[in-house]
Protein chains: 2
Amino acid sequence: MLDERKRQVLFAIVRDYIQTAEPVGSRTIARRYEFGIGAATIRNEMADLEEMGFIEQPHTSAGRIPSDRGYRYYVDSLETLPELTVVDATLIKRHFGGRLRGHEVVLEATARLLSSLTNCVSIVIGPSAAQTRLKVMQVVPLNELSAVLMLVADNGLVASEVVRLPEGLSVVDLGEVCRVITAHYQGRTIDRLHEMNFGAFAGGIGVRAETFERAMDKLISGLERLEGERVVLGGATNILNQPEFKDLAKYRDVLKVLEVQELVQKLVATSTTNPYSVSIGAENHLNEMRDCSIITARYTISGEGIGHISILGPTRIEYPRVLSLLNYISKLIGQG
Amino acid sequence: MLDERKRQVLFAIVRDYIQTAEPVGSRTIARRYEFGIGAATIRNEMADLEEMGFIEQPHTSAGRIPSDRGYRYYVDSLETLPELTVVDATLIKRHFGGRLRGHEVVLEATARLLSSLTNCVSIVIGPSAAQTRLKVMQVVPLNELSAVLMLVADNGLVASEVVRLPEGLSVVDLGEVCRVITAHYQGRTIDRLHEMNFGAFAGGIGVRAETFERAMDKLISGLERLEGERVVLGGATNILNQPEFKDLAKYRDVLKVLEVQELVQKLVATSTTNPYSVSIGAENHLNEMRDCSIITARYTISGEGIGHISILGPTRIEYPRVLSLLNYISKLIGQG
DNA sequence: CGTTAGCACTCTACCTTGATGAGTGCTAAC
DNA sequence: GTTAGCACTCATCAAGGTAGAGTGCTAACG
């Protein structure tokens, strides 16, 4: 599709622009990357590349910058991930060195680390609780009127929900229900619990079926929301250091999206077939993100499910390095 | 300290500047607020006010803007809170109308509401768990190696922590410890649990005292962190609409502070004597906040403790209106 | 004596202008 | 096919110039 020389020129443009954030001209390429052709020749190649949609010109008489398509070609051409630089590797090791226990803490620490390494926004999403399994349901009475329902998953996550005791229902009854549910459903994955018909149990103890059903639903959703799917952002201000965001309006829109957790989850949601995914510019379906790229890696904590870590930055992001970073760190998290 | 006319002039400057964000000149005051004196007279008064430190001049031949001290005087002179406007009141009512249960949801909804009403950053801090009381400690086994320790407070909050079972300690033993702790400490407030010496219990069952102590500490802190003290930010981007933040550097610094939860808590931490507190400009001890004001109100959910809601904006914030809003909403939250 | 009108002065914001330089596209020569 | 040369285009930046807002001072007024 592209002959060797066009590839060389395109890659030079991409790399240079990623580094400098300045439109790159034919002279620059000829001088800085010496592959034995003159500036004029490069200009011809550039004209071709532009026609093919790989690069663009901000205005006549500026250099060229890669288009979404150009970045895409570049990323798809990356065969192997580069080694981490020594600096990166030691920083990561220091950061993960020893200690660090507890889901929440790890997520936050990772987010901070990633954002400081990349000067971009990092998004860390905790392992989904969907695939964890029910261990126990319990109830603890608070007073005559209310009690706490608790659901413990086999990975140690706990969801709790305060419920008002329906008239005539004692805590003892509720405890009995919990025992029955535990006996019946222990070992089921959380996402399948949604489909269960808890109302049936309620009948036996004189609670209105739908009331009980609703409480259970909330409880299960609570667990999913609790840690699984937990979204941690890091360094939302870092992106301000990037020259492309010196104009406020653009930045505001991006930040506004990041404030809405559901949108963030949608952005990170990836095809499950690949361990990485890269969304470049307009490939993100959110219009506000049309000048951003999102690189996501999956991590798996054995027995706890699947989570994601992402880096969001300008389309001019350092793809190879970020991919390597994410690759390395996602494995580190997986090992726990 | 200030004679009536100086007060009038000062207040006119403050009000006008709050509205327009433009330095206000003597003519403007003479025309817009007619208290029967000419521009020249006002100029004299302004010169005095400046010397006294209530107003400042960005540069020769610009109008005056209030200084921190000017705002302070203005705020301290507010005797009664103004009525909410009809618009504000209906918006609030609609937002809180019906439903809305569960701590987390209420906090988030409130944050969103406040930020959209004020075009400022809102900070909502959940009720502190410090004053809630221990209800039950429990343990649930996960597998041969680990178990979940759970601490239930009397307001229904639950903290959990996965612990590795020390060699030779069975879950049964741990359950026994929980029972003993529950029996001993039920009804103690969470903040006092910190001081307890849990190590003593460990001795009886052959666990190393400090190991156990550490796990308990984490558990208790976990509870405090869980919902109590939970910090929810709303509309961090709204502040971008304020003209004073059109210069990025300032905004970046503010946002950076907001990313660090501990700093936010410190900012909101108020003297406990007063139901409101207003921190103006340099009164915030953080240098990055020297151009911001923070208005905080306390709310009390009976039996759950004390929380805070704050609005952070430029020093040019609409003090009376925001105070009224916070007053109204904090009471609404309190009623649950 | 406090108040006010008038005036000269100051400073910012904004626009225009012109110079500079980076970069392109085209053409003609190698 | 490649390259040097040249005319042309734009963005950026500094300089200059104007308009407008606002001040401080002074002298007159009631």
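Note on naming: letters A, B, ... go to the chains in the order of the sequence lines (proteins, then strands), and numbering restarts at 1 for each one.
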Exercise for the section: Return the set of residues passing salt bridge (Lys or Arg N to Asp or Glu O under 4.0 Å) with Glu56(A) (not counting sequence neighbours), or none when no residue passes. Expected result: none
Handout entry: Qualifying residues under side chain to side chain contact (heavy atoms under 4.5 Å, CB included), relative to Glu4(B), sequence neighbours excluded
Key = Arg7(B), Gln8(B)
Fill in the blank from the handout: Whole-Å distance, Asp16(A) CG to dG23(C) C1', equals 14 Å
Practice task
Anything under 30° is parallel, anything over 60° is perpendicular, the rest tilted; go ahead and classify Phe54(B) against Tyr73(B).
Solution key: perpendicular
Exercise for the section: For DNA chain C, just give me the dot-bracket, please: Watson-Crick or G-U, both distances below 3.5 Å, ( ) intra-strand, [ ] crossing earlier pairs, | paired with another strand, . unpaired. Expected result: ||||||||||||||||||||||||||||||
Fill in the blank from the handout: Its contact letters, B for base, S for sugar-phosphate only and - for none at protein heavy atoms under 4.0 Å, make nucleotides 12-30 of chain D read ---------BSBB------
Completion exercise
Between CZ of Arg5(B) and P of dG2(C) the distance, given in whole Å, is 10 Å
Practice task
Provide, to the nearest angstrom, the distance between the CD atom belonging to Glu56(A) and the P atom belonging to dG23(C).
Solution key: 18 Å
Practice task
Grab the CD1-C1' distance between Ile65(A) and dA11(D) for me, whole Å please.
Solution key: 15 Å
Handout entry: Residues that Asn287(B) engages under side chain to side chain contact (heavy atoms under 4.5 Å, CB included), provided they are two or more places apart
Key = Arg290(B)
Practice task
Tell me, please, which residues at least two apart from Leu81(B) pass side chain to side chain contact (heavy atoms under 4.5 Å, CB included).
Solution key: Tyr276(B), Leu323(B), Ser324(B), Asn327(B)
Problem - Residues Lys6(B), Asp3(B); criterion salt bridge (Lys or Arg N to Asp or Glu O under 4.0 Å); working and verdict - result: CA-CA 5 Å; Lys6(B) 282 198 175 45; Asp3(B) 65 41; 3.8 Å; yes
Practice task
Would you sort out whether Ser277(A) and Asn274(A) count as a side-chain hydrogen bond (donor to acceptor under 3.5 Å, both in side chains), showing the intermediate values?
Solution key: CA-CA 7 Å; Ser277(A) 88; Asn274(A) 206 300; over 6 Å; no
Practice task
Look at the aromatic rings of Tyr251(B) and Tyr251(A) and report parallel, tilted or perpendicular, splitting at 30° and 60°.
Solution key: perpendicular
Exercise for the section: Could you tell me whether the side chain of Cys120(A) reaches within less than 4.5 Å of the side chain of Leu312(A), counting heavy atoms only? Expected result: no
Fill in the blank from the handout: Between NZ of Lys6(B) and C1' of dT3(C) the distance, given in whole Å, is 14 Å
Fill in the blank from the handout: Here the distance between atom C1' of dA22(C) and atom CD of Glu22(A), to the nearest Å, is 11 Å
Fill in the blank from the handout: Separation of dG23(C) atom P from His59(A) atom NE2, nearest Å, is 10 Å
Exercise for the section: Report the distance from atom CD1 of Ile42(A) to atom P of dG23(C), rounded to the nearest whole Å. Expected result: 12 Å
